[in-house]
Amino acid sequence: MRSSLTLVGTLWAFLSLGTAVASSTSYFLPYWLFGSQLGKPVSFSTFRRCNYPVRGEGHSLIMVEECGRYASFSAIPSLAWQMCTVVTGAGCALLLLVALAAVLGCCMEGLISRMMGRCMGAAQFVGGLLISSGCALYPLGWNSPEIMQTCGNVSNQFQLGTCRLGWAYYCAGGAAAAAMLICTWLSCFAGRNPKPVMLAESIMRNTNSYAMELDHCLKP
């Protein structure tokens, strides 16, 4: 089975898959920000949270120790996090689409040309830029009341207070950087250029086939 990718293109395909999976996994997992509330550890992503307070008997607050997403988009604590959710999600989806096409190019001849590879690299740059923008927007939401309660009531925009950034935030940012810099550069050498001899043979073969079909149709 002949691939439509060069050796560099094969490396690009698997690196694209790795960055897409890493960024998408980080986007989904609620481990972007770590803090504590009522003596219990709390963690957030852009649209999910682990451990949250509810009113118990006697109107006292108790912590429910489970992870889940917010009930609605409007329930996300801040406008910055809502924008971050949309922008980062779009970037992850774009990286996944390019990665899928790149992996298919390893198995299908003629699927990815040199120009197509460069266009896919441009799409990866845009996807990485979207995820990076999401990471840049994330600290703008640290001044919301829900986050301040978790971060010792001293957090603010770009000030964590008693909280700390989680590994998923760094993983998303690293995957975005790899997609923008490494994958975009490798994509320039990923596709194969069609050989002129092969192209001429294909044209001649198609011409002969059409001529034979026409001759067959004209015969009484």
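What's counted below: heavy atoms across the whole structure, side chains too, no hydrogens, waters or symmetry copies.
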Distance col, row W167:CH2 vs L29:CG, nearest 0.5 angstrom, shows 5.0 Å
Here the gap from R118 atom CZ to T184 atom OG1, rounded to the nearest 0.5 Å, amounts to 13.0 Å
Test of understanding: with disulfide (SG to SG under 2.5 Å), list the residues that count as partners of [X], not counting sequence neighbours.
X	result
C67	C50
C135	none
C163	C151

- Task: Go through E66 and N51 one step at a time and tell me if the side-chain contact (heavy atoms from CB on, under 4.5 Å) criterion holds.
- Result: CA-CA 5 Å; E66 64 180 21; N51 303 343; 5.6 Å; no
So side chain to side chain donor-acceptor pair (under 3.5 Å) across residues 21-34, not counting sequence neighbours, yields none
Could you report the tightest heavy-atom contact between [X] and [Y], atom names first, then the distance?
X	Y	value
Q37	P53	NE2-CG, 3.6 Å
P30	R48	CD-NH1, 3.1 Å
M180	S132	SD-OG, 3.6 Å

Do side-chain atoms of [X] reach the backbone of [Y] as a donor and acceptor pair under 3.5 angstrom?
X	Y	answer
T6	G9	yes
T19	A178	no
S43	G35	no
R49	F44	no
S78	N143	no

According to a 4.5 Å side-chain heavy-atom criterion applied to Ile, Leu, Val, Met, Phe, Trp and Tyr, with indirect links allowed, do [X] and [Y] form part of one hydrophobic cluster?
X	Y	value
L33	Y70	yes
W12	L15	yes
L17	V8	no
I147	F34	yes
V54	L38	no

Give every donor-acceptor pair under 3.5 Å between a side-chain atom in residues 79-107 and any protein atom, sequence neighbours left out.
from, atom 1, to, atom 2, distance (Å)
W81, NE1, Y138, O, 2.9
Q82, NE2, F73, O, 3.3
T85, OG1, T46, OG1, 3.1
T85, OG1, W81, O, 2.8
T88, OG1, C84, O, 2.8

Is it the case that the side chains of Q124 and S187 hold a donor-acceptor pair, with the cut-off being a distance below 3.5 Å and no angle test? no
Flag this pair as yes if the NZ/CZ of R69 is under 6.0 angstrom from the six-membered ring centre of F47 and inside a 45 degree cone about the axis; otherwise no. no
- Query: Does a sphere of radius 6.0 Å around CE in M116 hold more than 12 heavy atoms from other residues, nucleotides or ligands, not counting ones at 6.0 Å or beyond?
  - Reply: no
Residue set satisfying ring-ring contact (aromatic ring centres under 6.0 Å, His included) with Y52, at least two apart, ordered chain then number -> none
